[in-house]
S.K.: 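Take a look at this one; I'll ask things after.
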Amino acid sequence: MADIKGVRGQRILANALSVVTAGVAVGVLAVVGTASASVESSEKHVKPTIVLEHGAFADAASWNGVIKELRRDGYPVIAAANPLRGPANDAAALRSVLDHVEGPKILVGHSYGGSVISTAGANDPQVKALVYVAAFLPAPGESALELTNKYPGSTLPNALDAVPFTLPGGATGTDLYIRTAKFRQQFAADVPADTAALMAATQRPIAQAALEEKAEVAAWQNKPVWSVVATQDLNIPVEAQRFMSRRAHAHITEVRASHSVAVSHPKTVADVIEDAARATR
C-alpha cells in the first residue's frame, strides 16, 4: 500500500507541476504579448530625428537653445557641422550624416543651410519635412547671392572681410567673415552683447564661391515646408524670405527678429519644427 500511495502521490505532484508550469507559460506569453504590443505601439508613435544645419558665419552651437527645447519635448536631435564650401559639397557631407540616422527625419536649415538641406533632402523618402529658418530656398539654377540681390535690404556686403586662401593642391579661393566690430548689428542685433561677442569669435567663414554656386535640385518642390521669416534680418532681405517661402507653399511664421532668430527666439523656432514633425508623422 505504501508503494501505491507513493505512485499516486507522484502522479498528483506531477499533475500539480504541469498546472503550475502551464500557468507560468501562459503568464510569460501574456507578458511577452503585452510587451510586443507596447513596442509596436511605441514604434507607431516614434518621433522623427530633427537634423539641424547651420549657415554661414555660425556653427552648430547656434542651435543650442533650439536643441534644449526639442530635447525637453522628447525629440532626438543632431546638429550637423556644415563645411560651408558649396551646396553640392556640403549636401554630400550632410547626406553622410543622414545615412546613419534610422527612421523619419525633419531637416532644418538656417540661412545658407537652407540651400544645403534643399539639396541633401531630395529623393529621400525618410525626410518627411523641411524647415527653413531665415533661410534660402533656391530653385534649380538659382544661387544664394542671386536671391539676396533680388530685393533690397541686405547690408551684408559692407560688413564682410574677404580672406584669400590656397588649398594644398594649389587651388585658390576667398573665405568671407563678418567683421567683429560689425557682427552684432549685422547678424545678431537682438542677441545679448556677450553672446553675440562669442558668436563673432567662433564664426565659421563661408567660401565666396558657395554663395555663387547654383542649386541643382530643390527638395522643397515635393516635400512639406515650414518657414520662419525674420522680419529684422539684415543678411537676407525679408521680402526675399517671403518670396521664397510663398513660392514653396510653406507654412510661414514671421518673427520680429534678426538673422540669428534661432538664438534670440529658440522656443518659437522649436515650436515651428515640432509643428512640422507632428503634421508629417
S.K.: Can you establish whether the number of heavy atoms outside Arg71 located under 6.0 Å from its atom CZ is more than 12?
M.R.: no
S.K.: Without swapping roles, check the side chain of Glu53 against the backbone of Asn82 for a donor-acceptor pair under 3.5 Å.
M.R.: no
S.K.: Evaluate the side-chain contact (heavy atoms from CB on, under 4.5 Å) criterion for residues Gln126 and Glu102: first the C-alpha distance (whole Å), next the side-chain angles of each, then the deciding distance (0.1 Å), finally the verdict.
M.R.: CA-CA 9 Å; Gln126 290 292 356; Glu102 295 184 358; over 6 Å; no
S.K.: Report the C-alpha separation of Arg256 and Asp190 in whole Å, then their side-chain angles, then the decisive distance to 0.1 Å, and conclude whether the salt bridge (charged side-chain N to carboxylate O under 4.0 Å, His left out) test is met.
M.R.: CA-CA 9 Å; Arg256 185 177 175 81; Asp190 56 350; over 6 Å; no
S.K.: Applying the 4.5 Å side-chain criterion to the ILVMFWY set and letting contacts propagate, would Val255 and Leu52 be lumped into a single cluster?
M.R.: yes
S.K.: If the plane angle is over 60° it's perpendicular, under 30° parallel, otherwise tilted; pick one for His251 and Trp226.
M.R.: parallel
S.K.: Does the salt bridge (charged side-chain N to carboxylate O under 4.0 Å, His left out) test come out yes or no for Glu274 and Arg72, once each step is laid out?
M.R.: CA-CA 12 Å; Glu274 292 186 23; Arg72 184 180 296 121; over 6 Å; no
S.K.: Asn89 side chain to Arg85 main-chain N or O, any donor-acceptor pair under 3.5 Å?
M.R.: no
S.K.: Any donor and acceptor pair, going by atom type alone, linking the side chain of Thr202 with main-chain N or O of Leu198 inside 3.5 Å?
M.R.: yes
S.K.: Establish, for the pair Arg204 and Tyr112, whether the NZ or CZ atom is under 6.0 angstrom from the six-membered ring centre and no further than 45 degrees off its axis.
M.R.: no
S.K.: Hey, are Lys150 and Glu239 close enough for a salt bridge, meaning a charged N less than 4.0 Å from a carboxylate O?
M.R.: no
S.K.: Parallel, tilted or perpendicular: which describes the rings of Phe187 and His259, with under 30° parallel and over 60° perpendicular?
M.R.: perpendicular
S.K.: Say whether, by atom type as modelled, one donor and one acceptor occur between the side chain of Ser258 and the main chain of Ser260 under 3.5 angstrom.
M.R.: yes
S.K.: Taking the side chain as every heavy atom from C-beta outward, state whether Ile206 and Asp175 have any pair of such atoms under 4.5 Å apart.
M.R.: no
S.K.: Tell me, with the steps shown, if Asp90 and Leu94 meet side-chain contact (heavy atoms from CB on, under 4.5 Å).
M.R.: CA-CA 6 Å; Asp90 300 338; Leu94 181 55; over 6 Å; no
S.K.: Kindly say whether Glu146 contributes a backbone atom to a donor-acceptor pair with the side chain of Ser143 at under 3.5 angstrom?
M.R.: yes
S.K.: Does some side-chain heavy atom of Pro48 sit less than 4.5 Å from a side-chain heavy atom of Lys105?
M.R.: no
S.K.: Examine Met199 and Phe57 and state if one hydrophobic cluster contains both, with Ile, Leu, Val, Met, Phe, Trp and Tyr joined whenever side-chain heavy atoms are less than 4.5 Å apart.
M.R.: yes
S.K.: Is a salt bridge present between Asp73 and Lys68, judged by a nitrogen-to-oxygen distance below 4.0 Å?
M.R.: no
S.K.: Are Ile106 and Leu98 connected in a single hydrophobic cluster, I mean Ile/Leu/Val/Met/Phe/Trp/Tyr linked by side-chain heavy atoms less than 4.5 Å apart?
M.R.: no
S.K.: Can you find a pair of side-chain heavy atoms, one from Val261 and one from Val269, that are under 4.5 Å apart?
M.R.: yes
